[in-house]
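Quick notes on the structure that follows.
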Amino acid sequence: MLPTFDPRDTEAGSRILEDITSNAGHIQEQVLEEILTKNASTDYLKGFLNGHSDKGLFKNKVPVVDYEDIKIYIDRIALDGEPSRILTNESITELLKSSGTSGGKQKWIPKTAEEGERRAFFSCLCDTVLNSFELRSFQGLNDGKALLFVLINPDIHTPGGLVLRTGSESEIKNRKDRYPQFILCEDSNQSLYSQLLCGLVQRDAIVNVGTFFASGLLRIIKFFEEHWQEMSSNIRTGQMSAWITDPNCKRAVSLILSKQMPDLADSIDLICQEKSWEGIIKKIWPRTKYVMAIITGSMAQYIPALEFYTGGLPVVSPVYGSSEAFFGINMKPLCSPYDVSYTFIPNMAYYEFLPIDNHQDPTCTNRKDAHLKDHIVDLANVKIGQHYELLVTTFTGLYRYRMGDIVLVTGFHNSTPQFKFGQRTNVVLSIHTDKTTEQDLQKAVAMAIQILEPLGFFLLDYSSYADTSSIPGHYVLFWELQLRSNDDIPELDQVKMEKCCSLVEQSLDQKYKLLRNQSISTIGPLEIRVVKQGTFNVLMDFYVSQGTSLNQYKTPKNIKSEKAIEILDSRVVGKFYSREVPNQDS
Ligand code: AMP
């Protein structure tokens, strides 16, 4: 049973948080016991435990799996309408579309009403942390408003009759009472336009601005760049544009835009007409104390862009969660984005950890090794400084399920470990025997872009694919660059761009360098294709049109879709190749 408390009661919330984080090991054992008692009779667990709910037996017998292993069970429920008890004795009410990080194949994750309660409890704890840090850190937040952007898509039903949504949509649609002021509109253009317009009209009341992921916030800023003149004109005339026809949008905007506001329109024009949009968030919403968006893991690439647009406001990265389960809360919301750790909340699910040698390529962990089980440790036994791959066992039918996320233990809050979000184990680029992970690629790109930073550039977004259309194949990176001055991108210095290509190669691992160095080269020189501005927005729109939610969108780093490559290729403004073979000794 989860403790209950009023989310506005910060003291009660803090007491509960202290209590559960002081008893993490014990609570985890209880959680596993509850899950097994509840679900021992499911088809899935019966196959390994023969109806028993013994924890020791679970640890011995139940295999480590990934989505492909359990897809067959989920498909029986989702497509054939078979009962939930194949996987869980809670009743599955929805399936959550999980993006994972890299826009790979979509996964469908079961959700139940009870799980909704657990997540509500987690959200209350998160509010407790945010409320108490706000109280401590800032004055005047109580009389202000938060501008939190949310987007929803129409519900889809599976052939088996279950609703298919993203995790964020499920949270918003099931708990409308918690978010009475959200504009829920399924047309993302009308929705964003209206949300921004409301935010502009109330610009003096806004004290924080946010959305789910950092990439989403950048998309919103770009949308604002494309529409501010029209919004300002709406404010000047007191009339909303005629293309906003959605009743929810019209109702929400008409409540606050009821008269002509020429002074407000003038001040917005003055700010937006400035050539550089550096610090635009702080300028448009001058009372904003912080920005809220997940900025860790694969989102870390957006830190420089976000710092640019927010004018250096603190970015609060509040939680680590997923469609599968919610995991951790950031107890120090104001810390640097590079230092964020998440304290795992022990009542949400049963967590286990597969150690990863700190020097080992995470992709080397043999995915089907029967002995994997022998290396698993539980939450109470993780070690500071060690990387782990996260496994999760949930009430909703996932057992020892590989999340694909790597986490690093950084410390403890009471007896509960805190984790820095590492990266996904997923390989984004592969030719021959080379396997380049998202983490390796991100580090290499961060290193290379430093060459362009003194010229006033930052990298707005990037992606990649392995081009094997010629022999030898080679890796292609697509870069969208932006100038801090907001000027058009000038002709790029070929020597510097080639240096960027070489530096990316130099920063990749030994295996890559070896394959590049062989007398008959197995991998060809790495290529950077610079794309024109706005390209990654078009890419995002493409994925959204394919069913990805804008709230949870993460730019795919390993582009597989031919259409997506076509979108990028048709906007290339410069192609550059590495001119040096990477040095194997460094
Ligand atoms: P989804 O199921 O589509 O919500 O995606 C969940 C995935 O998003 C996780 O497995 C992580 O890879 C990523 N993610 C979620 N929260 C964070 C976070 N705080 N920092 C970095 N990545 C995150």
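Order of appearance sets the numbers: ligands from 1, and atoms from 1 within every ligand.
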### Message
Side chain or backbone, does Ser317 bring an N or O within less than 3.5 Å of an N or O on ligand 1?
### Response
no
### Query
Would you say the side chain of Met403 lies within less than 4.5 Å of the side chain of Glu324, judging by non-hydrogen atoms?
yes
#### Entry: Side chain, backbone, both or neither: the part of Tyr320 lying under 4.0 Å from ligand 1 by heavy atom
both
### Task
Heavy-atom contacts with Asp405 under 4.0 Å: which atoms of ligand 1 show up? List them by number with element.
9 (C), 10 (O), 11 (C), 12 (O)
### Message
So, 4.0 Å and heavy atoms of Tyr342: is ligand 1 close enough to count as a contact?
### Response
yes
### Task
Kindly indicate, with the supporting measurements, whether the criterion salt bridge (charged side-chain N to carboxylate O under 4.0 Å, His left out) is fulfilled by Arg76 and Asp80.
CA-CA 5 Å; Arg76 278 168 61 190; Asp80 307 336; 5.9 Å; no
### Query
Does Val319 have a non-hydrogen atom less than 4.0 Å from ligand 1?
yes
### Summary
Closest heavy-atom approach to atom 16 (N) of ligand 1 among Ala293, Gly321, Ser298, Ser98 is made by Gly321
### Message
Below 4.0 Å, non-hydrogen atoms only: which portion of Thr296 touches ligand 1? Side chain, backbone, both or neither.
### Response
both
#### Entry: Atoms of ligand 1, numbered as shown, that sit under 4.0 Å from any heavy atom of Ser323
1 (P), 2 (O), 4 (O)
### Query
Just by distance, with hydrogens left out, do Asn330 and Tyr320 show a side-chain donor and acceptor under 3.5 Å apart?
no
### Task
Nearest 0.5 Å please: distance from the CD1 atom of Ile376 over to the CD atom of Glu389.
10.0 Å
### Task
Please verify whether a non-hydrogen atom of Lys107 lies at under 4.0 Å from ligand 1.
no
### Task
Measure the CG-OG distance between Leu151 and Ser168 for me, rounded to the nearest 0.5 Å.
9.0 Å
#### Entry: salt bridge (Lys or Arg N to Asp or Glu O under 4.0 Å) partners of residues 391-400, not counting sequence neighbours, each pair once
Glu352-Arg400
#### Entry: Any pair counted as side chain to side chain donor-acceptor pair (under 3.5 Å), so long as it reaches residues 300-316, sequence neighbours left out
Tyr302-Asp461, Tyr302-Thr555, Tyr309-Gln482
### Query
Quick one: does Met299 get a heavy atom under 4.0 Å from ligand 1?
no
### Task
Enumerate the atoms of ligand 1 whose separation from the nearest heavy atom of Met403 is less than 4.0 angstrom.
10 (O)
### Message
Between Arg119 and Glu171, does the salt bridge (charged side-chain N to carboxylate O under 4.0 Å, His left out) criterion hold? Intermediate values first, please.
### Response
CA-CA 8 Å; Arg119 292 181 186 205; Glu171 167 75 7; over 6 Å; no
